[in-house]
Undergrad: 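My questions all concern the structure below.
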There are 2 protein chains.
Amino acid sequence: MDKKSQKMVYDKQAEILKALAHPIRIAILDFLKDGEQCVCDIAEFAGSERSNVSKHLSVLVSCGVLEFRKEGLKVIYSLKARCIMDFFKCITTCVKQQAKDSENLLKVL
Amino acid sequence: MDKKSQKMVYDKQAEILKALAHPIRIAILDFLKDGEQCVCDIAEFAGSERSNVSKHLSVLVSCGVLEFRKEGLKVIYSLKARCIMDFFKCITTCVKQQAKDSENLLKVL
DNA sequence: TTACTATATGAGTAGATAATCATATAGTTA
DNA sequence: TAACTATATGATTATCTACTCATATAGTAA
């Protein structure tokens, strides 16, 4: 791959990671992994204002991770990119590894 | 898991994702996947100033993804959290999926 | 129609982030 | 020792981000 295409790939990867890199957005994905939900339930789960959650949702939609459908007054969001969940398995492994490292550090102190 | 611990997990996951969510930092990880490298070579690969790259490196070190050793004047960085690379396989899948979606969209337009 | 509900959006603000440039540190070599 | 090299750090600035609150939209129900 040439330098320029490589840079485009890095940019695209960074874009997706950036869209995921927020505790509320991670909570949303975790909540949606078992099925679709409306904004009000998502907001309650995430523990944040609806208007704020609505903005986080639109970030996830525009990076292609979520999709939505309308049902009367409600807007129902669901996971579009299932691969994202594998992704979270990976990051959980990393978090666990870090926790283990800290634990080992504590032992020798 | 209780609400409070759950929030801590989301925060920790977001912290790691945030540390990864930058094109230069992704380039660094990609460059280091095949072995350790000094700052000057990393900077050249990433196409950015050494001082800037140095800061990006310290972000990756403090989130536990990289480690380093000193060798004379040089500082040699290497991957610490190997699991990160699985992680990138996952995100590459997502990027490909998105590209495929765009392609399909183009066809019907 | 009006009142109500769910969601989205815009303005404003505070705080975080990244890049650049200058400077500091610390190891090397003459 | 002084000069040089690799890296790190601090100050500054510009840009981005997230949150809050107010307002807009659009579907529902009386």
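Throughout, a chain's letter reflects where its sequence line sits, starting with A, and its residues are numbered from 1.
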Undergrad: Give the C-alpha distance, both sets of side-chain angles, the deciding distance and a yes or no for side chain to side chain contact (heavy atoms under 4.5 Å, CB included) between Leu20(B) and Ile91(B).
TA: CA-CA 12 Å; Leu20(B) 303 180; Ile91(B) 203 144; over 6 Å; no
Undergrad: Starting from C1' on dC19(D), measure out to CD1 on Ile24(A) and report it in whole angstrom.
TA: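 Taking atom C1' of dC19(D) as the reference, CD1 of Ile24(A) is at 9 Å.
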Undergrad: When rounded to the nearest 0.5 angstrom, what is the spacing between CD in Glu103(B) and CG in Leu106(B)?
TA: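 Answer rounded to 0.5 Å: 8.0 Å.
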Undergrad: Is it possible for you to say whether Val59(B) and Val53(B) belong to one hydrophobic cluster, with membership spreading through side-chain heavy-atom contacts below 4.5 Å?
TA: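 Unlinked, Val59(B) and Val53(B) end up in two clusters.
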Undergrad: For dA8(C), does OP1 or OP2 lie under 4.0 Å from any side-chain N or O of Arg50(A)?
TA: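 No, Arg50(A) has no side-chain N/O under 4.0 Å of OP1/OP2 on dA8(C).
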Undergrad: What do the steps show when you test Phe87(B) against Leu17(B) for side chain to side chain contact (heavy atoms under 4.5 Å, CB included), and what is the final call?
TA: CA-CA 10 Å; Phe87(B) 200 82; Leu17(B) 284 170; 3.4 Å; yes
Undergrad: Check the distance between dA8(C)'s P and His56(A)'s NE2 and give it to me in whole angstrom.
TA: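 So the two atoms are 13 Å apart, to the nearest Å.
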Undergrad: Would you mind building the protein contact string for nucleotides 10-17 of chain C? One character per nucleotide, 5' to 3', B for base within reach (heavy atoms under 4.0 Å), S for sugar-phosphate only, - for untouched.
TA: BB-----S
Undergrad: Given side chain to side chain contact (heavy atoms under 4.5 Å, CB included), test Leu32(B) with Ile42(B) step by step and report yes or no.
TA: CA-CA 8 Å; Leu32(B) 294 180; Ile42(B) 295 170; 4.1 Å; yes
Undergrad: Which whole-number value in Å describes the distance from Glu49(A) CD to dA6(C) P?
TA: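 So the two atoms are 14 Å apart, to the nearest Å.
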Undergrad: Would you mind writing out the side-chain donor-acceptor pairs for residues 45-52 of chain B within the sub-3.5 Å range, not counting sequence neighbours?
TA:
from: Ser48(B); atom 1: OG; to: Asn52(B); atom 2: ND2; distance (Å): 3.1

Undergrad: Would you tell me if any nitrogen or oxygen in the side chain of Asn52(A) comes within less than 4.0 Å of OP1 or OP2 on dC19(D)?
TA: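 Yes, because at least one side-chain N or O of Asn52(A) sits under 4.0 Å from OP1 or OP2 of dC19(D).
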Undergrad: Within residues 3-14 of chain B, find the residues that approach DNA chain C with a heavy atom at under 4.0 Å, and present them sorted by residue number.
TA: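 Of all residues in residues 3-14 of chain B, none places a heavy atom under 4.0 Å from DNA chain C.
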Undergrad: Linking I/L/V/M/F/W/Y whenever any side-chain heavy atoms sit under 4.5 Å apart, do Val39(B) and Phe68(B) land together?
TA: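 Yes; Phe68(B) is reachable from Val39(B) via cluster members.
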Undergrad: Expected output is a numbered-order residue list: members of residues 57-80 of chain B with a heavy atom under 4.0 Å from any atom of DNA chain C. What is it?
TA: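 Gly72(B), Leu73(B) - these, ordered by number, are the residues of the stretch whose heavy atoms sit under 4.0 Å from the strand.
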Undergrad: Would you say Ile26(B) and Val9(A) are hydrophobically clustered, going by side-chain heavy atoms of ILVMFWY under 4.5 Å?
TA: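 Per the 4.5 Å side-chain linkage, Ile26(B) and Val9(A) are not co-clustered.
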Undergrad: When rounded to the nearest 0.5 angstrom, what distance separates NZ in Lys70(B) from SG in Cys38(B)?
TA: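 Spacing of NZ (Lys70(B)) from SG (Cys38(B)) equals 14.0 Å.
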Undergrad: Separation of Ile28(B) atom CD1 from dT7(D) atom P, in whole Å?
TA: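 Spelled out: CD1 on Ile28(B) to P on dT7(D) is 13 Å.
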Undergrad: Provide, to the nearest angstrom, the distance between the CG atom belonging to Asp41(B) and the P atom belonging to dT5(D).
TA: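 The answer, rounded to whole Å, is 16 Å.
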Undergrad: Extract all donor-acceptor atom pairs below 3.5 Å that involve side chains of residues 71-85 of chain B and protein atoms in other chains or at least two apart in sequence.
TA:
from: Glu71(B); atom 1: OE1; to: Arg69(B); atom 2: NH1; distance (Å): 2.8
from: Glu71(B); atom 1: OE1; to: Arg69(B); atom 2: NH2; distance (Å): 3.1
from: Arg82(B); atom 1: NH2; to: Lys33(B); atom 2: O; distance (Å): 3.3

Undergrad: Do any pairs count as a side-chain hydrogen bond (donor to acceptor under 3.5 Å, both in side chains) and have a residue in residues 14-23 of chain A, sequence neighbours left out, and if so which ones?
TA: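 side-chain hydrogen bond (donor to acceptor under 3.5 Å, both in side chains) check on residues 14-23 of chain A returns Lys12(A)-Glu15(A).
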